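Computed from a predicted model, the values in this text were never measured in an experiment.
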Number of protein chains: 2
Amino acid sequence: MLPGRTHVPHDCRVVADVLTRIGDKWSVFVVMLLGEKDCRFSELQRAASSISKRMLTLTLRRLERDGLIERTVFSTLPPSVHYALTPLGRSLRGPIDMLGHWVVDHQKEIVAARERFDAHSPGRRHDL
Amino acid sequence: MLPGRTHVPHDCRVVADVLTRIGDKWSVFVVMLLGEKDCRFSELQRAASSISKRMLTLTLRRLERDGLIERTVFSTLPPSVHYALTPLGRSLRGPIDMLGHWVVDHQKEIVAARERFDAHSPGRRHDL
DNA sequence: CGGAATCCGTAAGGATACTG
DNA sequence: CAGTATCCTTACGGATTCCG
């Protein structure tokens with residue numbers, strides 16, 4: 001994978017595992033939001049209007065557990081909780097942005113490929 | 001996300017969608033394998049020894065549908081099928097490698113963060 | 001406000017058996 | 001060899017309710 005490094009299948013698996021983690025339904029969205037500015041729980045919920053409270057909580061906990069975001073509780077009344085990227089979380093923004101650029105730059109090709117595939121595909125396919 | 005670009009929530013969603021696609025359990029693994037050399041179905045299966053035949057087929061079909069890999073059938077006996085990255089698929093190697101480097105470079109921090117979190121976390125948590 | 005707990009439907013994914 | 005078809009179990013994720 002690195003120029004000059006030989007390919008190590010194990011590394012592929014680690015990469016795939018982490019991709020599966022941050023590639024879940026909401027993690028990237030949250031990291032990108034927090035990359036712009038720190039947010040409270042309710043701000044995140046408004047920004048991602050379709051996320052359920054439960055999934056936002058789960059997403060934030062997992063990101064916190066992986067050391068990507070930091071959670072600060074202000075025991076005011078009513079309470080307020082503050083989320084921010086850690087240095088580790090900020091270091092992820094570069095790679096995420098690279099992927100973001102690639103997607104934006106190639107999404108038309110992907111959509112076109114799908115339409116071609118679906119048009120030429122024989123019969124019905126129930127999955128994919 | 002781009003320096004000089006303002007943040008567009010919609011782009012985040014597109015990125016998240018594609019990440020969810022290629023962030024599934026096997027896509028990255030397959031793309032990285034094919035990035036090194038074209039492979040037959042059985043070669044891929046041996047390289048990813050724990051993947052089921054069913055999931056390998058599904059993964060390959062989806063990657064083909066998205067225009068990332070090309071499938072070539074040789075109607076010999078027994079038949080042989082050949083998989084290779086398309087130019088679009090090859091263009092994804094850069095971003096994937098960036099992410100790969102990030103994971104390899106930071107996996108110790110991630111593991112450490114998890115252990116810290118799990119150690120300090122009060123009581124039992126059934127999920128995450 | 002910021003969750004945690006519960007319930008529930010759907011989809012992901014493995015194992016196995018069969019086929020051209 | 002390279003799949004397809006089927007079954008079955010688990011995980012994901014939404015909706016709702018309750019709590020400090």
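- Evaluation of the side-chain contact (heavy atoms from CB on, under 4.5 Å) rule for A:E115 yields A:V111 as partners, not counting sequence neighbours.
- Residues B:W26 and B:S52 form no side-chain contact, since every pair of their non-hydrogen atoms from C-beta on lies 4.5 Å or further apart.
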- prompt: Do B:D66 and A:R114 pass the side chain to side chain contact (heavy atoms under 4.5 Å, CB included) test, and can you show the C-alpha distance, the side-chain angles, and the key distance before you say yes or no?
  reply: CA-CA 5 Å; B:D66 287 354; A:R114 287 180 182 172; 2.5 Å; yes

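- In this structure, B:L56 places its CG atom 14 Å from C1' of D:dT4, rounding to the nearest Å.
- C:dA5 atom C1' lies 12 Å from atom CG of A:L58, rounded to whole Å.
- With rounding to whole Å, B:W26 atom CH2 is found 13 Å from C:dA12 atom C1'.
- With sequence neighbours excluded, no residue forms a side-chain hydrogen bond (donor to acceptor under 3.5 Å, both in side chains) with B:R54.
- Counting heavy atoms from C-beta outward, B:L128 and B:F117 have side chains that approach closer than 4.5 Å.
- Nearest heavy-atom pair across B:V31 and B:L85 is O-CD1, 4.0 Å.
- Atoms CD (A:E64) and C1' (C:dG2) sit 13 Å apart, rounded to a whole Å.
- The shortest distance between side-chain heavy atoms of B:H106 and A:L92 does not fall below 4.5 Å.
- Distance, B:M55 CE to D:dG3 C1': 15 Å, rounded to whole Å.
- For the helix from C:dC1-D:dG20 to C:dG20-D:dC1, the rotation axes defined at the first and last 5 base pairs enclose an angle of 40°, given to the nearest 10°.
- For residues 72-89 of chain A, the pairs satisfying side-chain hydrogen bond (donor to acceptor under 3.5 Å, both in side chains) are A:R71-A:Y83, with sequence neighbours left out.
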Write out a two-atom table: protein N or O, nucleotide N or O from nucleotides 15-20 of chain C, distance below 3.5 Å.
none

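- Here D:dG3 is the nucleotide among C:dG13, D:dG13, D:dG3 with the atom lying nearest to any side-chain atom of B:V81.
- Considering only side-chain N and O atoms, B:T57 lies nowhere under 4.0 angstrom from the phosphate OP1 or OP2 of D:dA2.
- The CD-C1' distance, from B:Q45 to D:dT4, rounds to 14 Å in whole Å.
- Under the side-chain hydrogen bond (donor to acceptor under 3.5 Å, both in side chains) criterion, B:R116 pairs with no residue, sequence neighbours left out.
- Using a 4.0 Å heavy-atom distance criterion, A:Y83 is classed as a sugar-phosphate-only contact.
- Within the 4.0 Å cut-off from OP1 or OP2 of D:dA2, at least one side-chain nitrogen or oxygen of B:R40 is found.
- The nearest whole Å value for the distance from the CD1 atom in B:I69 to the P atom in D:dA2 is 14 Å.
- To the nearest angstrom, P of C:dA12 lies 17 Å from CD1 of B:I22.
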